[in-house]
Amino acid sequence: MNVQNTSDASGSFPERPRNFIEEQIEQDLKSGKNDGRIHTRFPPEPNGYLHIGHAKSIVLNFGIADKYDGVCNLRFDDTNPEKEDVEYIDSIQRDIRWLGYRWHGDSRYASDYFDQFYQWAVLLVKKGKAYVCDLTGEEIASRRGTPTQPGQESPYRSRSVEENLDLLDRMRRGEFRDGEKTLRAKIDMASPNMHLRDPMIYRIKHLPHHRTGDKWCLYPMYDFAHGQSDYLEGITHSLCTLEFEVHRPLYDWFLDHLTEGPYRPRQIEFARLNLTYTIMSKRKLQQLVEKGVVDGWDDPRMPTISGLRRRGYTPDAIRSFAQNVGIAKRENLIDVAMLEHSVREDLNKKAPRYMAVLDPLKIVITNYPKGQEEELETINNPEDESMGTRRIPFSGEIYIERSDFMEEPPRKYFRLAPGKEVRLKSAYFIKCEKVIKDDKGNVTALECTYDPETKSGQTTRKVKGTLHWVSAKHAFEGEVRLYDRLFKDENPGKNKDDFMASINESSLVVRTGCKLEPALQQMKAEDKVQFQRTGYFCADLKHSRPGAPVFNQTVPLRDSWGKKGK
RNA sequence: UGUCCGAUGGUGUAAUUGGCAACACGUCUGGUUUUGGUCCAGAAGAGUCCAGGUUCGAGCCCUGGUCGGACAGCCA
């Protein structure tokens, strides 16, 4: 067997046009750069769960490694122990594996290189390219200038190499309090690029690190770690989002002063993913979790990988979505309908069909022999005959969907109404003879007659409507959770912090007392099914119990009738 | 009155690198159908941000604008 290096999912997507990054990679390949080696990396900070935007980056990085016979690293950018947690490391690794990707070798950590970074910092000091600064945070900020105005140099900028070396060593040994001193690169306080105005390299944090323990009280800034980590790992192409474009000159500056030889990781930036009715910022997602708006990072309404997984999305659907949105540099806001399309497309082929009545209305079939019951055969998936058939119990009392009956139907209503006849899927035709109501006039049940000549497969007579149903006696009652978008605004992340104001309070509807066909009782967590005529559903990972699955609605079926604004 | 990046149907990406603007999602028709699903057939919808220029020919090259985004954390 040919074991894939980075993915167990290659070859499952059709040839598509190259994106601009692949074009540049092919140019590099053509020119013989890096001896034809392709090495990418996915570099998350372990301070939150992965979301669909990360999936775009994962698919890009692992996909390119796959496509060009290269490899892809997983590296945690863990330079800030204040915000990071092993819980996130575990979840990130789990999500990447679940998506079907295998990183090259062991997981890497920026913290693996802390010794090297420190030596590099010392080297910079020795070269007169870095200095210890005593300015406070506010002082540094006030002297930084603005994008249109140059900053002022720090009074500590001209300390001698010896003094800097001594101070840096004492910083390392813990002689100073948090924030008392920093190490800064000596570049250019007047640079039009803010990142070149003597950026901070090290800051003091007396905090244990999840990997290095108490070894350090000094931690490198992301900018002093990221580019060098790529360098140390031999990354050929560092793919990242647009906001890091302005950092690139700084990464180059560090490498120019710290390393010899021509090798440089090539950074290429692309636009991050934005989805309608969704927020993608980890900080904001964390707020939803902390304020209890959602059940956790893996709440089925969350755009996180684990949320989508619980919702019933498949790795195939997410990968195909990530391929379809494409890679470019312009800002984008992708219609969430495209995500939904990807999962319907996948589940249509894979999910077996079942009968489930979410909002039951009882029907008594008056001419069906008292006490009789029978088993009817039905196909599991019309899209895939190899999925076989099963039997469903039928009897004289059944449930149908309340919305499948109208006392005064509009034109072109193909469902049940007084005097009208419909087909029960895989069973018989029934005709509505009588409407039973309570004191208040609410419909409580229907009396129908069935035509024994119309048993499934045995009649050529046609009728316009087909309904799903469940035998009352054989049904089991279950819980089904319906989801809607979490936000009412198309772009809730557009404005800074008022995204909470646009939360959709009815994004979760829990339906209890749903009537489900017996076979559904055997469903185990993460089993994916189609409820006939309703949508795709998935047995919930957290709430399902043996013999008592709880179903999450992954996505409703397309509905060209409901859409008519009826 | 900074630097960098971007601009193609409603949305997102293409356009074999200067040669009839295509594909997907979405929308709308019609057909098939024991899911108002799927599938099939078809339609509408952009003349490529604006103004000049080069060229036989420009979405693509040049010049100048306009609009949008990123950058002023001891976050990443």
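Every chain is numbered from 1, with letters handed out A, B, ... down the list of sequences.
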Side chain of [X] only, please: which of [options] is the nearest?
X	options	result
A:R415	B:G36, B:G26, B:C71	B:G36
A:P382	B:A72, B:C75, B:G37	B:G37
A:R423	B:G26, B:U34, B:U3	B:U34
A:E383	B:U38, B:U3, B:U35	B:U38
A:R558	B:U27, B:A72, B:C71	B:U27
A:S426	B:G2, B:G36, B:U34	B:U34
A:T148	B:A76, B:G26, B:G2	B:G2
A:H341	B:C25, B:G2, B:U34	B:C25

Between [X] and [Y] (salt bridge meaning N to carboxylate O under 4.0 Å), is one present in this structure?
X	Y	result
A:D404	A:R533	yes
A:E245	A:K329	yes
A:K349	A:D384	no
A:D178	A:K205	no
A:K181	A:E175	no
A:E383	A:K350	no

Checklist entry - Between the side chains of A:R266 and A:H237, does any donor sit under 3.5 Å from an acceptor? => result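 Short answer, no.
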Report the distance from atom [atom1] of [X] to atom [atom2] of [N], rounded to the nearest whole Å.
X	N	atom1	atom2	value
A:H195	B:G2	NE2	P	18 Å
A:H247	B:G73	NE2	C1'	11 Å
A:E245	B:U3	CD	P	15 Å
A:R272	B:C71	CZ	P	10 Å
A:M200	B:A72	CE	P	13 Å
A:E421	B:U34	CD	C1'	13 Å
A:Y219	B:G73	OH	P	24 Å
A:R390	B:U34	CZ	C1'	14 Å

*asked:* Looking at A:F414, I'd like to know if the NZ or CZ of A:K464 sits under 6.0 Å from its six-membered ring centre while staying within 45 degrees of the ring's axis.
replied: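 Yes, a cation-pi geometry.
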What is the pairing partner of [N], taking Watson-Crick or G-U wobble pairs with both distances under 3.5 Å in any strand?
N	answer
B:A46	none
B:C56	B:G19
B:G10	B:C25
B:U63	B:A51
B:C4	B:G69
B:U34	none

Counting the atoms with a prime plus P, OP1 and OP2 as sugar-phosphate, which does [X] contact under 4.0 Å by heavy atoms, base, sugar-phosphate, or nothing?
X	answer
A:R344	nothing
A:K205	sugar-phosphate
A:S560	sugar-phosphate
A:K412	base
A:L376	nothing
A:G535	nothing
A:K83	sugar-phosphate
A:Q458	nothing
A:N193	nothing
A:T79	sugar-phosphate
A:Y202	nothing

Rounded [atom1] spacing from [N] to [M] in Å:
N	M	atom1	result
B:G47	B:A22	P	14 Å
B:G6	B:G10	P	23 Å
B:A58	B:G52	P	14 Å
B:A41	B:G57	C1'	37 Å
B:U3	B:C62	C1'	23 Å

Presence of A:R197 side-chain N/O under 4.0 Å of B:C71 phosphate oxygens OP1/OP2: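 No, A:R197 has no side-chain N/O under 4.0 Å of OP1/OP2 on B:C71.
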Aromatic contact, A:F321 with A:H341 (centres under 6.0 Å) |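 When the ring centroids of A:F321 and A:H341 are compared, they turn out to be at least 6.0 Å apart.
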A correct 5'-to-3' footprint of nucleotides 8-13 of chain B, with B, S and - meaning base, sugar-phosphate only and no protein heavy atom under 4.0 Å, is B--SSB
Check your understanding: How would you list, by chain and number, every residue that makes a side chain to side chain donor-acceptor pair (under 3.5 Å) with A:Y251, sequence neighbours excluded?
Key ->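 A:Y251 satisfies side chain to side chain donor-acceptor pair (under 3.5 Å) with A:D223 once adjacent residues are dropped.
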Practice prompt. Please confirm whether any donor atom in the side chain of A:Q530 sits under 3.5 Å from an acceptor in the base of B:U35, or the reverse.
Written response: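 Checked by distance alone, the answer is yes.
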Ignoring hydrogens and angles, does a donor from either the side chain of A:S456 or the base of B:U34 sit under 3.5 Å from an acceptor on the other?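 Side chain to base: pair found, below 3.5 Å.
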Exercise for the section: Return the 5'-most residue of the pair A:G179, A:E243 with respect to RNA chain B, ranking by each residue's nearest nucleotide. Expected result: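 The answer here is A:E243.
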* Asked: Quick one: on RNA chain B, does A:N47 or A:F531 contact a more 5' nucleotide (nearest heavy atom)?
  ->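 Going by which nucleotide is closer to the 5' end, it is A:F531.
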message = Any non-hydrogen side-chain atom of A:F254 less than 4.5 Å from a side-chain atom of A:F224?
response =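 Counting from C-beta outward, A:F254 and A:F224 do come under 4.5 Å.
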